[in-house]
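So the structure is just underneath, and the comments pick up after that.
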Amino acid sequence: MTTVSDGDRAAMRAALDEARGALLSGDVPVGALVLDAAGSVIGRGRNEREKHHDPTAHAEVVALRQAAAATGDWQLTGCTLVVTLEPCVLCAGAILAARIDRVVFGAWDEKAGAAGSVVDLLRERRLPHRVAEVVGGVEEETSAALLREFFEQQRREGAVST
């Protein structure tokens, strides 16, 4: 069983701050950080699909791009990605491509999760790279509540049908 560290919780709280920032552009409140092996933040991201009209501007992808730019290397071996929502298939692919070793996430995504809910691409043995450790449910209630409140507000305003 994986133990959640105080550092994981602190990083998740910082990712939640990023998620709240996504609300300013009307984006789904998901936030992500990339931490280097020493635990320093080298990449930050939040959903920016609405802001940039970009279907790939998920929090994880934005954070991975920033971390790669900061390190000057697309291979982020030894790094941890912390994200408020279980990564989807798109983000799981980006995580694998970046060679991330560890993923910590908040809320589970029963509709589109690719870290164990619907599929588990992060640990798929048939792929050439796997994430060594996946930790789900860190600050889960706070992450889930932020998303639930966002979608309830969208429904009240008639912006979404589900």
Side-chain angles (χ1 to χ4, degrees), residues 1-23 27-48 57-71 73-152:
M1 183 163 160
T2 304
T3 303
V4 178
S5 71
D6 290 339
D8 291 337
R9 286 186 188 86
M12 186 60 70
R13 287 190 294 273
L16 281 160
D17 288 341
E18 287 295 325
R20 289 180 191 100
L23 295 169
D27 278 286
V28 176
V30 178
L33 303 175
V34 177
L35 310 175
D36 65 14
S40 298
V41 176
I42 59 170
R44 293 178 182 276
R46 61 181 65 148
N47 273 359
E48 296 181 343
H58 291 214
E60 299 94 315
V61 173
V62 173
L64 289 168
R65 287 176 178 156
Q66 192 177 97
T71 62
D73 194 349
W74 63 268
Q75 293 187 58
L76 299 172
T77 305
C79 293
T80 297
L81 179 104
V82 178
V83 60
T84 59
L85 179 64
E86 179 183 1
C88 68
V89 171
L90 170 86
C91 296
I95 290 164
L96 294 172
R99 308 297 193 260
I100 292 289
D101 287 330
R102 186 167 186 265
V103 172
V104 176
F105 67 88
W108 294 87
D109 186 346
E110 299 297 328
K111 291 182 179 180
S117 287
V118 177
V119 295
D120 193 351
L121 289 181
L122 296 181
R123 292 173 283 204
E124 174 55 58
R125 294 199 176 277
R126 293 171 291 183
L127 296 176
H129 178 75
R130 286 178 293 287
V131 174
E133 184 179 20
V134 177
V135 181
V138 178
E139 300 291 331
E140 179 176 8
E141 183 49 42
T142 304
S143 297
L146 185 60
L147 290 160
R148 192 169 44 252
E149 290 165 13
F150 172 79
F151 286 112
E152 286 171 1

Distance-only donor-acceptor pairs under 3.5 Å for side chains of residues 32-39, two or more places apart:
residue	atom	partner	partner atom	Å
D36	OD1	A38	N	3.0
D36	OD1	G39	N	3.0
D36	OD1	S40	N	2.9

Whether Q75 side chain and T77 backbone form a donor-acceptor pair below 3.5 Å: no
Residue pair V30 / H58, side-chain heavy-atom distance below 4.5 Å: no
Nearest heavy atoms of G45 and A63, plus distance in Å: N-CB, 3.7 Å
Between CG on residue L81 and CG on residue L76, distance to nearest 0.5 Å: 9.5 Å
L64 vs I100 side-chain heavy atoms within contact, under 4.5 Å: yes
Value rounded to 0.5 Å, distance of CZ in R130 from CG in L121: 12.5 Å
Smallest separation among heavy atoms of V61 and C91, with atom names: CG2-SG, 4.3 Å
Shortest non-hydrogen contact between W108 and G137, atoms and distance: NE1-N, 4.0 Å
Minimum heavy-atom distance between R123 and D120, given as atom pair plus value: NE-OD2, 2.8 Å
Heavy-atom closest pair, residues S117 and E110: OG-OE2, 3.7 Å
Matching residue for V28 among L85, N47, L146, L23 - test: side-chain contact (heavy atoms from CB on, under 4.5 Å): N47
Single hit among V135, V131, V104 for side-chain contact (heavy atoms from CB on, under 4.5 Å) with T80: V104
Validation row: K111, E86 side chains within 4.5 angstrom (heavy atoms): no
Pair listing, side chain to side chain donor-acceptor pair (under 3.5 Å) test, anchored in residues 88-106, at least two apart: D8-R102, R102-E133
Residue pairs passing the side chain to side chain donor-acceptor pair (under 3.5 Å) test where at least one lies in residues 10-19, sequence neighbours excluded: D17-R20, E18-R46
Closest heavy-atom pair and its distance - P29, A22: CA-CB, 4.1 Å
T84 and M12, any side-chain heavy atoms less than 4.5 Å apart: yes
